Amino acid sequence: MLNLISTILECSRVFSLPMTIMSWLVIFTYSVFVSGNIKYGLIAFLGVCFAHLAANILDDYFDYKALIKQVNFDKKAYLKNSQKTKCRYLISGRVQTYQILTLAFLYLLLAGTAGLYLFIKCGIGVFYFALAGGIITLTYSFLSRIRLSEIAVALAYGPALFGGIYYVMTKTYSWEVFVLSVPTMLITVVLLYIHTIMDFNFDINEGHKTIANKFKTPLDSLILLKWLLICAYASLVLLCIFDILDWQVFIVYATIPLAVDLYNSLKEFTKDPESIPQKKWYHFPMENMMNAPSFMMRIYQSRNLMIYFATLLSIATFLALR
(Lines give C-alpha, C1' and ligand atoms only; values in the text may rest on other atoms or scores of the structure.)
Protein backbone atom coordinates (compact mmCIF):
# COMPACT_ATOMS: atom_id res chain seq x y z
CA MET A 1 0.00 0.00 0.00
CA LEU A 2 2.81 2.38 0.90
CA ASN A 3 4.56 1.59 -2.40
CA LEU A 4 1.34 2.34 -4.29
CA ILE A 5 0.92 5.69 -2.55
CA SER A 6 4.59 6.55 -3.13
CA THR A 7 4.27 5.73 -6.82
CA ILE A 8 1.12 7.82 -7.20
CA LEU A 9 2.80 10.78 -5.50
CA GLU A 10 5.86 10.46 -7.74
CA CYS A 11 3.79 10.18 -10.91
CA SER A 12 1.74 13.19 -9.86
CA ARG A 13 4.87 15.23 -9.09
CA VAL A 14 3.23 16.21 -5.84
CA PHE A 15 6.32 18.22 -4.82
CA SER A 16 5.11 20.93 -7.22
CA LEU A 17 1.66 21.21 -5.59
CA PRO A 18 2.69 24.05 -3.22
CA MET A 19 2.71 26.32 -6.30
CA THR A 20 -1.06 25.95 -6.46
CA ILE A 21 -1.66 25.83 -2.71
CA MET A 22 0.23 29.03 -1.98
CA SER A 23 -1.22 30.96 -4.93
CA TRP A 24 -4.68 29.91 -3.77
CA LEU A 25 -3.90 31.04 -0.23
CA VAL A 26 -3.19 34.61 -1.35
CA ILE A 27 -6.46 35.10 -3.24
CA PHE A 28 -8.43 33.10 -0.66
CA THR A 29 -7.19 35.39 2.12
CA TYR A 30 -8.06 38.46 0.07
CA SER A 31 -11.53 37.15 -0.82
CA VAL A 32 -12.39 36.26 2.78
CA PHE A 33 -11.98 39.91 3.76
CA VAL A 34 -14.42 41.07 1.09
CA SER A 35 -17.12 38.78 2.48
CA GLY A 36 -16.24 35.82 0.28
CA ASN A 37 -17.81 32.40 0.82
CA ILE A 38 -15.20 30.28 2.63
CA LYS A 39 -16.89 26.97 1.79
CA TYR A 40 -16.82 27.65 -1.96
CA GLY A 41 -13.22 28.80 -1.71
CA LEU A 42 -12.22 25.49 -0.11
CA ILE A 43 -14.08 23.45 -2.73
CA ALA A 44 -12.37 25.46 -5.46
CA PHE A 45 -9.06 24.72 -3.73
CA LEU A 46 -9.64 20.98 -4.17
CA GLY A 47 -10.62 21.50 -7.80
CA VAL A 48 -7.52 23.45 -8.78
CA CYS A 49 -5.24 21.03 -6.92
CA PHE A 50 -6.68 18.04 -8.79
CA ALA A 51 -6.42 19.95 -12.08
CA HIS A 52 -2.75 20.70 -11.34
CA LEU A 53 -1.96 17.03 -10.67
CA ALA A 54 -3.79 16.01 -13.85
CA ALA A 55 -1.72 18.52 -15.84
CA ASN A 56 1.50 17.05 -14.40
CA ILE A 57 0.55 13.52 -15.38
CA LEU A 58 -0.64 14.43 -18.87
CA ASP A 59 2.55 16.41 -19.44
CA ASP A 60 4.59 13.30 -18.57
CA TYR A 61 2.40 11.07 -20.71
CA PHE A 62 2.69 13.20 -23.84
CA ASP A 63 6.41 13.72 -23.27
CA TYR A 64 6.84 9.95 -23.01
CA LYS A 65 4.94 9.40 -26.23
CA ALA A 66 7.11 11.95 -28.00
CA LEU A 67 10.30 10.39 -26.61
CA ILE A 68 9.64 6.83 -27.72
CA LYS A 69 8.87 8.03 -31.24
CA GLN A 70 12.41 9.32 -31.61
CA VAL A 71 14.49 7.02 -33.77
CA ASN A 72 17.60 7.44 -31.63
CA PHE A 73 15.81 7.07 -28.29
CA ASP A 74 17.78 4.82 -25.93
CA LYS A 75 15.89 3.79 -22.79
CA LYS A 76 19.00 2.82 -20.82
CA ALA A 77 20.86 5.99 -21.72
CA TYR A 78 17.89 8.13 -20.76
CA LEU A 79 17.47 6.45 -17.38
CA LYS A 80 21.14 7.06 -16.62
CA ASN A 81 20.51 10.78 -16.88
CA SER A 82 20.52 11.76 -13.23
CA GLN A 83 18.90 15.14 -13.83
CA LYS A 84 15.71 13.92 -15.45
CA THR A 85 12.89 13.01 -13.11
CA LYS A 86 10.08 13.14 -15.63
CA CYS A 87 8.77 9.97 -17.31
CA ARG A 88 11.21 7.70 -15.48
CA TYR A 89 8.44 5.56 -14.06
CA LEU A 90 7.01 5.08 -17.57
CA ILE A 91 10.32 4.46 -19.32
CA SER A 92 11.43 1.95 -16.69
CA GLY A 93 8.15 0.06 -17.06
CA ARG A 94 7.28 0.49 -13.38
CA VAL A 95 3.98 2.07 -14.42
CA GLN A 96 2.01 1.41 -17.60
CA THR A 97 0.51 4.13 -19.79
CA TYR A 98 -3.06 2.98 -19.18
CA GLN A 99 -2.50 3.35 -15.44
CA ILE A 100 -1.21 6.88 -15.93
CA LEU A 101 -4.19 7.81 -18.07
CA THR A 102 -6.56 6.30 -15.52
CA LEU A 103 -5.00 8.40 -12.76
CA ALA A 104 -5.18 11.54 -14.90
CA PHE A 105 -8.84 10.80 -15.69
CA LEU A 106 -9.56 10.37 -11.98
CA TYR A 107 -7.95 13.71 -11.17
CA LEU A 108 -9.89 15.41 -13.96
CA LEU A 109 -13.11 13.78 -12.79
CA LEU A 110 -12.58 15.09 -9.25
CA ALA A 111 -11.69 18.55 -10.54
CA GLY A 112 -14.73 18.49 -12.84
CA THR A 113 -17.02 17.45 -10.00
CA ALA A 114 -15.86 20.40 -7.90
CA GLY A 115 -16.30 22.68 -10.89
CA LEU A 116 -19.82 21.41 -11.61
CA TYR A 117 -20.89 21.95 -8.02
CA LEU A 118 -19.53 25.49 -8.06
CA PHE A 119 -21.15 26.17 -11.44
CA ILE A 120 -24.54 25.20 -10.02
CA LYS A 121 -24.02 27.30 -6.90
CA CYS A 122 -22.19 30.33 -8.29
CA GLY A 123 -23.15 30.79 -11.95
CA ILE A 124 -21.81 30.97 -15.48
CA GLY A 125 -18.54 32.66 -14.50
CA VAL A 126 -17.30 29.34 -13.13
CA PHE A 127 -17.62 27.86 -16.61
CA TYR A 128 -15.44 30.55 -18.17
CA PHE A 129 -12.62 30.18 -15.64
CA ALA A 130 -12.87 26.37 -15.64
CA LEU A 131 -12.74 26.34 -19.43
CA ALA A 132 -9.58 28.45 -19.43
CA GLY A 133 -7.99 26.19 -16.83
CA GLY A 134 -9.08 23.05 -18.66
CA ILE A 135 -7.61 24.19 -21.97
CA ILE A 136 -4.29 24.98 -20.32
CA THR A 137 -4.28 21.63 -18.50
CA LEU A 138 -4.92 19.62 -21.66
CA THR A 139 -2.62 21.58 -23.98
CA TYR A 140 0.27 22.37 -21.64
CA SER A 141 2.52 19.59 -22.96
CA PHE A 142 2.10 20.89 -26.51
CA LEU A 143 2.56 24.53 -25.48
CA SER A 144 5.79 23.61 -23.68
CA ARG A 145 7.25 22.52 -27.01
CA ILE A 146 6.70 25.85 -28.75
CA ARG A 147 8.05 28.29 -26.14
CA LEU A 148 4.66 28.98 -24.60
CA SER A 149 4.94 27.06 -21.32
CA GLU A 150 5.75 30.20 -19.32
CA ILE A 151 2.79 32.02 -20.89
CA ALA A 152 0.51 29.08 -20.06
CA VAL A 153 1.66 29.02 -16.43
CA ALA A 154 1.28 32.80 -16.16
CA LEU A 155 -2.31 32.62 -17.38
CA ALA A 156 -3.12 29.62 -15.19
CA TYR A 157 -1.65 31.07 -11.99
CA GLY A 158 -2.68 34.64 -12.73
CA PRO A 159 -6.07 35.51 -14.26
CA ALA A 160 -7.52 31.98 -14.28
CA LEU A 161 -6.73 31.00 -10.68
CA PHE A 162 -7.11 34.37 -8.98
CA GLY A 163 -10.14 35.40 -11.02
CA GLY A 164 -11.76 31.99 -10.60
CA ILE A 165 -11.28 31.74 -6.82
CA TYR A 166 -12.49 35.30 -6.33
CA TYR A 167 -15.55 34.66 -8.50
CA VAL A 168 -16.71 31.51 -6.69
CA MET A 169 -16.26 33.20 -3.32
CA THR A 170 -17.93 36.52 -4.19
CA LYS A 171 -19.89 35.81 -7.42
CA THR A 172 -18.35 38.94 -8.92
CA TYR A 173 -15.42 39.93 -11.13
CA SER A 174 -12.72 42.38 -10.10
CA TRP A 175 -9.78 43.87 -11.98
CA GLU A 176 -8.00 44.29 -8.64
CA VAL A 177 -7.53 40.54 -8.19
CA PHE A 178 -5.70 40.37 -11.51
CA VAL A 179 -3.25 42.99 -10.26
CA LEU A 180 -2.98 41.08 -6.99
CA SER A 181 -2.05 37.95 -8.95
CA VAL A 182 0.97 39.51 -10.68
CA PRO A 183 3.65 39.05 -7.96
CA THR A 184 2.88 35.38 -7.22
CA MET A 185 2.31 34.69 -10.90
CA LEU A 186 5.80 35.93 -11.73
CA ILE A 187 7.46 34.04 -8.88
CA THR A 188 5.68 30.88 -10.06
CA VAL A 189 6.91 31.41 -13.62
CA VAL A 190 10.41 31.62 -12.10
CA LEU A 191 10.04 28.02 -10.91
CA LEU A 192 9.16 26.80 -14.39
CA TYR A 193 11.86 28.89 -16.05
CA ILE A 194 14.52 27.49 -13.72
CA HIS A 195 13.45 24.00 -14.73
CA THR A 196 13.97 24.84 -18.41
CA ILE A 197 17.37 26.42 -17.72
CA MET A 198 18.57 23.20 -16.12
CA ASP A 199 17.03 21.18 -18.97
CA PHE A 200 18.61 23.48 -21.58
CA ASN A 201 20.53 20.84 -23.55
CA PHE A 202 18.08 18.02 -22.89
CA ASP A 203 15.18 20.05 -24.24
CA ILE A 204 17.15 20.83 -27.39
CA ASN A 205 17.91 17.14 -27.91
CA GLU A 206 14.26 16.19 -27.35
CA GLY A 207 12.88 18.89 -29.65
CA HIS A 208 11.48 21.13 -26.91
CA LYS A 209 11.58 24.81 -27.84
CA THR A 210 11.71 26.83 -24.64
CA ILE A 211 12.40 30.46 -23.91
CA ALA A 212 15.56 29.41 -22.09
CA ASN A 213 17.07 27.52 -25.03
CA LYS A 214 16.33 30.44 -27.32
CA PHE A 215 19.47 31.93 -25.76
CA LYS A 216 22.89 30.74 -26.90
CA THR A 217 23.91 29.20 -23.58
CA PRO A 218 22.33 28.42 -20.18
CA LEU A 219 24.43 31.22 -18.68
CA ASP A 220 22.97 33.70 -21.17
CA SER A 221 19.45 32.60 -20.24
CA LEU A 222 19.97 33.79 -16.66
CA ILE A 223 19.36 37.38 -17.78
CA LEU A 224 15.65 36.62 -18.07
CA LEU A 225 15.63 34.90 -14.68
CA LYS A 226 17.13 38.04 -13.17
CA TRP A 227 14.41 40.21 -14.71
CA LEU A 228 11.62 37.86 -13.68
CA LEU A 229 12.80 38.10 -10.07
CA ILE A 230 13.19 41.89 -10.25
CA CYS A 231 9.70 42.28 -11.74
CA ALA A 232 8.14 39.96 -9.14
CA TYR A 233 9.41 42.15 -6.30
CA ALA A 234 8.82 45.44 -8.12
CA SER A 235 5.21 44.47 -8.87
CA LEU A 236 4.43 44.53 -5.14
CA VAL A 237 4.50 48.31 -5.39
CA LEU A 238 1.48 48.12 -7.72
CA LEU A 239 -0.61 46.74 -4.89
CA CYS A 240 -0.01 49.96 -2.97
CA ILE A 241 -0.35 52.27 -5.97
CA PHE A 242 -3.78 50.83 -6.83
CA ASP A 243 -4.77 50.79 -3.15
CA ILE A 244 -5.36 47.03 -3.17
CA LEU A 245 -3.16 46.48 -0.11
CA ASP A 246 -1.02 48.71 2.08
CA TRP A 247 2.60 49.06 3.13
CA GLN A 248 2.48 45.63 4.78
CA VAL A 249 3.25 44.04 1.38
CA PHE A 250 6.85 45.11 1.78
CA ILE A 251 7.42 42.39 4.36
CA VAL A 252 7.70 40.13 1.31
CA TYR A 253 11.03 41.84 0.62
CA ALA A 254 12.41 39.73 3.45
CA THR A 255 12.67 36.92 0.86
CA ILE A 256 15.02 38.87 -1.42
CA PRO A 257 18.12 37.16 0.04
CA LEU A 258 16.54 33.81 -0.90
CA ALA A 259 16.01 35.07 -4.45
CA VAL A 260 19.65 36.17 -4.68
CA ASP A 261 20.74 32.81 -3.28
CA LEU A 262 18.62 31.05 -5.91
CA TYR A 263 20.06 33.12 -8.74
CA ASN A 264 23.63 32.41 -7.60
CA SER A 265 22.79 28.73 -7.32
CA LEU A 266 21.61 28.66 -10.95
CA LYS A 267 24.69 30.58 -12.01
CA GLU A 268 26.83 27.89 -10.41
CA PHE A 269 24.75 25.22 -12.16
CA THR A 270 25.39 26.72 -15.59
CA LYS A 271 29.11 26.38 -14.92
CA ASP A 272 28.96 22.93 -13.35
CA PRO A 273 25.68 20.97 -13.71
CA GLU A 274 26.89 18.40 -11.16
CA SER A 275 27.49 20.97 -8.41
CA ILE A 276 25.34 20.58 -5.32
CA PRO A 277 24.51 23.71 -3.30
CA GLN A 278 25.37 23.64 0.36
CA LYS A 279 22.13 22.98 2.20
CA LYS A 280 21.28 25.73 4.70
CA TRP A 281 18.47 26.08 7.22
CA TYR A 282 16.47 28.48 5.04
CA HIS A 283 16.40 25.93 2.19
CA PHE A 284 13.92 23.83 4.16
CA PRO A 285 11.88 21.84 3.20
CA MET A 286 13.78 19.54 0.87
CA GLU A 287 12.37 16.06 0.64
CA ASN A 288 12.97 13.32 -1.96
CA MET A 289 16.03 14.09 -4.10
CA MET A 290 15.01 11.39 -6.62
CA ASN A 291 18.67 10.45 -7.18
CA ALA A 292 19.23 13.87 -8.73
CA PRO A 293 20.46 16.15 -5.90
CA SER A 294 21.95 18.84 -8.14
CA PHE A 295 18.70 19.22 -10.08
CA MET A 296 16.18 18.71 -7.28
CA MET A 297 17.88 20.98 -4.74
CA ARG A 298 17.50 23.90 -7.12
CA ILE A 299 13.91 22.96 -7.91
CA TYR A 300 13.21 22.92 -4.17
CA GLN A 301 15.03 26.22 -3.74
CA SER A 302 12.77 27.89 -6.29
CA ARG A 303 9.65 26.17 -4.99
CA ASN A 304 10.43 27.18 -1.42
CA LEU A 305 11.09 30.76 -2.46
CA MET A 306 7.58 30.75 -3.91
CA ILE A 307 6.20 29.28 -0.66
CA TYR A 308 7.87 31.93 1.53
CA PHE A 309 6.97 34.73 -0.91
CA ALA A 310 3.27 33.77 -1.03
CA THR A 311 3.08 33.09 2.70
CA LEU A 312 4.34 36.57 3.54
CA LEU A 313 2.04 38.10 0.93
CA SER A 314 -0.92 36.28 2.51
CA ILE A 315 0.12 37.60 5.93
CA ALA A 316 0.43 41.09 4.46
CA THR A 317 -3.06 40.74 2.98
CA PHE A 318 -4.45 39.72 6.35
CA LEU A 319 -2.77 42.62 8.14
CA ALA A 320 -3.89 45.17 5.53
CA LEU A 321 -7.54 44.11 5.36
CA ARG A 322 -8.40 42.86 8.83
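Side chains are part of it too, since the values below use all heavy atoms of this structure and drop only hydrogens, waters and symmetry mates. Everything numeric here is computed off the predicted structure, so don't read it as measured data.
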Side chain to side chain contact (heavy atoms under 4.5 Å, CB included) between L236 and L239, worked out: CA-CA 6 Å; L236 291 165; L239 304 183; 4.3 Å; yes

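- Classification of D203 and R147 as a salt-bridged pair fails, no side-chain N sitting under 4.0 Å from a carboxylate O.
- A distance of 7.5 Å separates OG1 in T196 from CG in N213, rounded to the nearest 0.5 Å.
- Side-chain N or O atoms of S12 include none that pairs as donor or acceptor with a backbone N or O of V14 at under 3.5 Å.
- Scanning all heavy atoms of the two residues, the minimum distance from I187 to A232 falls at CD1-CB, 4.0 Å.
- In this structure, I165 CD1 and F28 CZ are separated by 9.5 Å, a value rounded to the nearest 0.5 Å.
- Applying the 6.0 Å contact sphere to CZ of F33 captures more than 12 heavy atoms from other residues, nucleotides or ligands.
- I204 and L219 fall into different hydrophobic clusters, where Ile, Leu, Val, Met, Phe, Trp and Tyr side chains are chained together by heavy-atom contacts under 4.5 Å.
- Without hydrogens or angle criteria, R303 side chain to M286 main chain gives no donor-acceptor distance under 3.5 Å.
- Judged by distance alone, with hydrogens and angles left aside, the side-chain atoms of S302 form a donor-acceptor pair with the main-chain N or O of I299 at under 3.5 Å.
- The heavy-atom pair separating A310 from M22 by the smallest distance is CB-CB, 3.5 Å.
- With hydrophobic clusters built from ILVMFWY side chains whose heavy atoms lie under 4.5 angstrom apart, F200 does not share a cluster with I211.
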D60 vs C11, side chain to side chain contact (heavy atoms under 4.5 Å, CB included): CA-CA, chis, key distance, verdict: CA-CA 8 Å; D60 278 5; C11 296; over 6 Å; no

Worked check of side chain to side chain contact (heavy atoms under 4.5 Å, CB included) between D63 and R145: CA-CA 10 Å; D63 275 359; R145 294 176 177 274; 3.2 Å; yes

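- Atom CG of D261 is separated from atom CG of L305 by 9.5 Å, given to the nearest 0.5 angstrom.
- One distance of note links CZ of F215 with CG of L224; it measures 5.0 Å at 0.5 Å rounding.
- In this structure a side-chain-to-backbone donor-acceptor pair under 3.5 Å is missing from T311 to Y308.
- Checked by atom type, the side-chain pair T210/Y193 shows no donor-acceptor distance below 3.5 Å.
- Counting only heavy atoms from C-beta outward, the side chains of E176 and D243 never approach each other to under 4.5 Å.
- Within the 4.5 Å cutoff, no side-chain heavy atoms of L266 are placed close to those of T270.
- Put simply, the side chain of M169 reaches to within 4.5 Å of the side chain of V32, judged on heavy atoms.
- The structure places OH of Y40 at 8.0 Å from CG of L118, a figure rounded to the nearest 0.5 Å.
- Using a 3.5 Å distance cut-off with no hydrogens or angles, the side chains of R298 and S294 do pair a donor with an acceptor.
- Across all their heavy atoms, C122 and K171 have their closest contact at CA-CE, 3.9 Å.
- Classified by interplanar angle (parallel below 30°, tilted 30° to 60°, perpendicular above 60°), the ring pair Y300/F15 is perpendicular.
- Within the 3.5 Å criterion, the main-chain N or O of P285 finds a donor-acceptor partner in the side chain of N304.
- Looking at W227 and I230, their side chains come closer than 4.5 Å, going by heavy atoms from C-beta outward.
- Both L9 and I21 belong to a single network of hydrophobic side chains, linked directly or stepwise wherever heavy atoms of I, L, V, M, F, W or Y lie under 4.5 Å apart.
- Shown here for Q301 and S265, the closest heavy-atom pair between the two residues is OE1-OG, 2.9 Å.
- Note on residues 148-176: pairs passing ring-ring contact (aromatic ring centres under 6.0 Å, His included), not counting sequence neighbours, are Y167-Y173, W175-F242.
- Although no hydrogens or angles enter the test, the distance criterion places no donor-acceptor pair under 3.5 Å between the side chain of W247 and the main chain of C240.
- With hydrogens and angles disregarded, no donor-acceptor distance shorter than 3.5 Å links the side chain of S23 to the backbone of T20.
- Residue A111 comes nearest to A51 through the heavy atom pair CB-N, 3.9 Å, listed as atom of the first residue, atom of the second, then distance.
- Here the side chain of T29 pairs a donor or acceptor atom with the backbone of L25 at under 3.5 angstrom.
- Within a 6.0 Å sphere centred on CD of E287, heavy atoms belonging to other residues, nucleotides or ligands number more than 12.
- Interatomic distance, H52 NE2 to L17 CG, rounded to the nearest 0.5 Å: 6.0 Å.
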Candidate pair L46 and L110, rule side chain to side chain contact (heavy atoms under 4.5 Å, CB included), full reasoning: CA-CA 8 Å; L46 294 176; L110 292 170; over 6 Å; no

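- A donor-acceptor pair under 3.5 Å links the side-chain atoms of N37 to the main chain of K39, judged by distance alone.
- The two residues Y140 and V153 have their closest heavy-atom pair at CE1-CG2, 3.9 Å.
- Taking the six-membered ring wherever Trp is involved, the centroid distance between the rings of F295 and F269 does not fall below 6.0 Å.
- The aromatic rings of F250 and Y253 sit tilted, their planes meeting at an angle between 30° and 60°.
- At a threshold of 4.5 Å between non-hydrogen side-chain atoms, the residues V190 and L186 do not count as touching.
- L53 and F105 end up in different hydrophobic clusters when Ile, Leu, Val, Met, Phe, Trp and Tyr side chains are linked at under 4.5 Å.
- In the hydrophobic clustering of ILVMFWY residues, with side-chain heavy atoms under 4.5 Å counting as a link, I124 and Y117 come out together.
- No side-chain donor-acceptor contact under 3.5 Å links Y107 to the backbone of A55.
- Here F142 is tied into one hydrophobic group with I136, L143, I146, L148, I151, L155, each link being a pair of ILVMFWY side chains closer than 4.5 Å.
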